Student: 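Below you'll find the structure I mean.
Values below: all heavy atoms of this structure, side chains included; hydrogens, waters and symmetry mates excluded. Remember, predicted model here, so these are calculated numbers, not experimental data. Letters A, B, ... are given to chains in the order of the sequence lines, protein chains preceding strands, and every chain is numbered from 1.
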Protein chains: 2
Amino acid sequence: MQKKRVTLADVARLAGLSTTAASMILTGRPDTRLSADAHAKVHAAAASLGYRPNVAARALRTDKSRSIAFISDYVATTRFASGLIRGALAAAEEAKHVMLVLETGGEPARETQAVEAALDRQVDGLIFAAMRAREVFVPDLPINVPTIMLNGTSARFPVSVLPDEYRGGRRAVELLRDAGITEGVALLGHNADSEAGLFRSETIARRFAGIRDAMIANGMRFVAELSCWNWEPAHGYDLTRKLLRTKRPKALLCLNDRLAFGAYQALGEAGITVPEDIALVSFDNDELASYLRPGLTTIGLPHEEMGRKAVELMLGGIGAAQLVEMPVIERGSLPRR
Amino acid sequence: MQKKRVTLADVARLAGLSTTAASMILTGRPDTRLSADAHAKVHAAAASLGYRPNVAARALRTDKSRSIAFISDYVATTRFASGLIRGALAAAEEAKHVMLVLETGGEPARETQAVEAALDRQVDGLIFAAMRAREVFVPDLPINVPTIMLNGTSARFPVSVLPDEYRGGRRAVELLRDAGITEGVALLGHNADSEAGLFRSETIARRFAGIRDAMIANGMRFVAELSCWNWEPAHGYDLTRKLLRTKRPKALLCLNDRLAFGAYQALGEAGITVPEDIALVSFDNDELASYLRPGLTTIGLPHEEMGRKAVELMLGGIGAAQLVEMPVIERGSLPRR
DNA sequence: GGCATTTGCTAAATGCTTTTAGCAGGAGGA
DNA sequence: TCCTCCTGCTAAAAGCATTTAGCAAATGCC
């Protein structure tokens, strides 16, 4: 025999007041004229009965559910996703909200279903998260709750939270410069000429812009720019081997940590030591970066902070788009000065 | 001006029937005596108005919300978590449920809050997921919904979904044997003697048992057993260097992929080639394993399938505890026969 | 003292669905 | 013909909280 749920009416009865009074007191209405005595009695009754409001009933009346929906294309295909989720989760918890997580695989049909499922449940807001940052498909449904884009953009919902890739790109070059390396730098993963007209994503484009501007500002030029479309370890390995056949750069600027990982492998095989012979800087702060020896110095993607910021923005009634700073994580792949 | 929500009453009115009829038809009650004509009219009306039931109202009445709670200690601290979530998410979506994700950090207070938050929202079931599989703290609250343990156990809720570590342990040894390696095998990460009385976790204990039994069954003995408490790349590196100072094994059985990763580094530095000089087998199927060269052969943790199974069990009205088979992922770290 | 406020509280409506109980009319059996 | 049983459908209650409108008593003011 499971004891029945205790309702507001039970609390009111025990306190000797009306449910109206109990409701007003427990929801903490500001302008009510109920006595201090009434407040005390209701709180005592609620506590002694272990009263928990029925969220469904409340949602029915108020259209608020203290829950938010996190709709992402891929939740775990890239290990970064979890950073976004974790940050969002933490912020939601602090605000006493719960988070619905929905995955769409980027498919419009599932996207539509996800939004409907979320809206059906009276969520207080929507977060559209993208794993590869670009224009995100948002179903053409009437959405009447605050919505923000996370690691992606949408013409319909202009407020988005993105990493500050431009500054990140600059920082990478400055790291090299500060380590005393102003020439003999090769770029791994991109070639401006061969990729002209091709578009990876908005944020990556900004990363390139930052790199380019910082190179110019510091009077530097790449000694080589090697392009590959996917940034996996195997590609970093191949590119590096190819590079070493003709050149012996002083540093590698890798466009992500997986490329850098492949580069380490090729360098190791060639008997080249990091950072003495060749230094490396990279992007993402993948878990990998800390496993390498020496540790890889990298410009991190601040996913956790981004997830947190998205929820805060949403709950705080939106605001302006946000660029979140990319942290530099210094390990051992650059020479100390 | 946002158009008001379409309610069941609207549908009924348009169909020229009562809300009772509309409700019964739309929820697909089996034993109702409504005419085929009525069915057609209601469905047509619902479709033309784009009716979506109000989940809160329904939950209020039925105590069912078509949502489940996924309560985990850490959602992303280990990259495996996301596999569990993804599998669970996929199964939930197929069953037209949504999933609340809650993180507790393993702290009892947050755990309690998470359960309360979930129960408040009338979830149809609870999944307690643990990242390091062991006895999970479950708050002492009345829980009146199906509950299952994922990658962990609880005395209170006996049905759990776990990897079949015993068989996985056996398979690892058999892999070595099948590759023709029956002697000169070193175990990396555990030493039965020095760790006697210490307890890692239930599942890891089973993994050891499987390994031990298979070794005996095949008349094999470890040439060395090196213990370390944390299984990170740096430890694998250190252990392997230490090992190589005195011995030159034919194979390394690593207790996880991160240890194996460290071993690769040490082996590479020592100019030892995999798998010709030394072969490796490992556990987890971490993303890392595919990055290594040659690729690491490993016994995978079937997290995605486990997550899926947990939801299916929960929605299917529970059943018996499940052991999920650990897949063998063959890459290049064992010699071909 | 007489009137307008203020204070402290409550009855009842509302949100939307599911479900119980039951009604009216027709068919079938005796 | 009368009674029972189906058939096809509906009125109304229930589920639980919030909120509007408003009542009775106490207070303030002149």
Student: Arg121(B) side chain to Ala117(B) main-chain N or O, any donor-acceptor pair under 3.5 Å?
Tutor: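 Checking the backbone N and O of Ala117(B) against the side chain of Arg121(B), a donor-acceptor pair under 3.5 Å is found.
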
Student: Contact class for Ala59(B) (heavy atom, under 4.0 Å): base, sugar-phosphate, or nothing?
Tutor: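 Ala59(B): no heavy atom of the nucleic acid under 4.0 Å.
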
Student: Flag yes if more than 12 heavy atoms outside Glu107(B) fall under 6.0 Å of its CD atom; otherwise flag no.
Tutor: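 Check passes, neighbour count above 12.
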
Student: How close or far is atom P of dG15(C) from atom CG of Asp63(A), stated in whole angstroms?
Tutor: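 Answer to the nearest Å: 11 Å.
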
Student: Would you call Arg52(B) and Glu116(A) a salt bridge, taking side-chain N to carboxylate O under 4.0 Å as the test?
Tutor: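 Salt bridge flag = yes for Glu116(A) with Arg52(B).
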
Student: Can you tell me how far C1' of dT7(C) sits from NE2 of His39(A), to the nearest Å?
Tutor: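 Taking atom C1' of dT7(C) as the reference, NE2 of His39(A) is at 14 Å.
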
Student: Please determine whether a side-chain nitrogen or oxygen atom of Tyr51(A) lies at a distance below 4.0 Å from atom OP1 or OP2 of dA17(D).
Tutor: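 It does, given that an N or O in the side chain of Tyr51(A) lies less than 4.0 Å from OP1 or OP2 of dA17(D).
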
Student: Within the 4.0 Å heavy-atom criterion, would you say Arg58(A) contacts the bases, only the backbone, or no part of the nucleic acid?
Tutor: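 The residue Arg58(A) makes sugar-phosphate contact but no base contact.
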
Student: So if I take every side-chain heavy atom of Leu60(B) and compare against dC16(D), dC9(D), dT18(C), which nucleotide ends up nearest?
Tutor: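 Shortest atom-to-atom distance from the side chain points to dC16(D).
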
Student: Rounded to the nearest Å, what distance is computed from the CG atom of residue Leu8(B) to the P atom of nucleotide dT19(C)?
Tutor: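 Spelled out: CG on Leu8(B) to P on dT19(C) is 12 Å.
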
Student: I need the CZ-P distance between Arg13(B) and dC16(C), as an integer number of Å.
Tutor: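 So the CZ-P distance, Arg13(B) to dC16(C), works out to 11 Å.
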
Student: Decide yes or no on side-chain contact (heavy atoms from CB on, under 4.5 Å) for Thr104(B) and Phe137(B), but give the supporting numbers first.
Tutor: CA-CA 11 Å; Thr104(B) 67; Phe137(B) 169 81; over 6 Å; no

Student: Ignoring hydrogens and geometry beyond distance, is the side chain of Arg33(A) in donor-acceptor contact with the base of dG8(C) at under 3.5 Å?
Tutor: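 Side chain to base: pair present.
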
Student: For Thr19(A) and Pro53(B), find the nucleotide of DNA chain C closest to each by heavy atoms; which residue's nucleotide sits nearer the 5' end?
Tutor: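 Nearer the 5' end of the strand: Thr19(A).
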
Student: Report the C-alpha separation of Val138(A) and Met149(A) in whole Å, then their side-chain angles, then the decisive distance to 0.1 Å, and conclude whether the side-chain contact (heavy atoms from CB on, under 4.5 Å) test is met.
Tutor: CA-CA 10 Å; Val138(A) 175; Met149(A) 310 303 299; 4.2 Å; yes

Student: Scan residues 114-124 of chain A against DNA chain C and write down, sorted by residue number, each residue with any heavy atom closer than 4.0 Å; if none is found, say none.
Tutor: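 Here the set is empty: none.
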
Student: Could you grab the distance from atom OG of Ser65(A) to atom CZ of Arg58(A), nearest 0.5 Å is fine?
Tutor: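 Here the interatomic distance stands at 11.0 Å.
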
Student: Expressed as a whole number of angstroms, how long is the span from Asn54(B):CG to dT17(C):P?
Tutor: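 The answer, rounded to whole Å, is 6 Å.
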
Student: Do the side chains of Arg308(A) and Glu304(A) get close enough for a salt bridge, i.e. N-O under 4.0 angstrom?
Tutor: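 So Arg308(A) does not pair with Glu304(A) through a salt bridge.
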
Student: Counting only N and O atoms by type, is there a donor-acceptor contact under 3.5 Å from the side chain of Asp164(A) to the main-chain atoms of Leu323(A)?
Tutor: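 Pair absent, no side-chain N/O of Asp164(A) close to backbone of Leu323(A).
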
Student: Between Ala57(B) and Met24(B), which is nearer to the 5' end of DNA chain C once each is assigned its nearest nucleotide?
Tutor: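 Its nearest nucleotide being more 5', the pick is Ala57(B).
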
Student: Please classify the nucleic acid contact of Ala56(A) as base, sugar-phosphate, or nothing, using heavy-atom distances under 4.0 Å.
Tutor: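 Contact class for Ala56(A): none.
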
Student: For Leu60(A), does its backbone N or O pair with a side-chain atom of Thr62(A) as donor and acceptor, under 3.5 Å?
Tutor: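 Checking the backbone N and O of Leu60(A) against the side chain of Thr62(A), no donor-acceptor pair under 3.5 Å is found.
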
Student: Starting from the first five and the last five pairs of the helix from dG1(C)-dC30(D) to dA30(C)-dT1(D), work out the angle between the resulting helix axes, to 10 degrees.
Tutor: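 The two end axes of the helix from dG1(C)-dC30(D) to dA30(C)-dT1(D) meet at 50°.
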
Student: Could you check whether any side-chain heavy atom of Leu150(A) comes within less than 4.5 Å of a side-chain heavy atom of Leu162(A), counting everything from C-beta outward?
Tutor: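 The answer is no, as the side chains (C-beta and beyond) never meet within the 4.5 Å cut-off.
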
Student: Side-chain N or O of Ser23(A) versus OP1/OP2 of dT18(D): is the shortest distance under 4.0 Å?
Tutor: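 Checking dT18(D) against Ser23(A), a side-chain N or O does come within under 4.0 Å of OP1 or OP2.
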
Student: Kindly indicate whether the side chain of Thr20(A) and the base of dT19(D) share any N or O donor-acceptor pair separated by less than 3.5 Å?
Tutor: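 Per atom types, the contact qualifies.
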
Student: Need to verify one output field. Residue with the more 5' nearest nucleotide on DNA chain D, Arg61(B) or Asp37(B)?
Tutor: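 The residue whose closest nucleotide sits nearer the 5' end is Asp37(B).
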
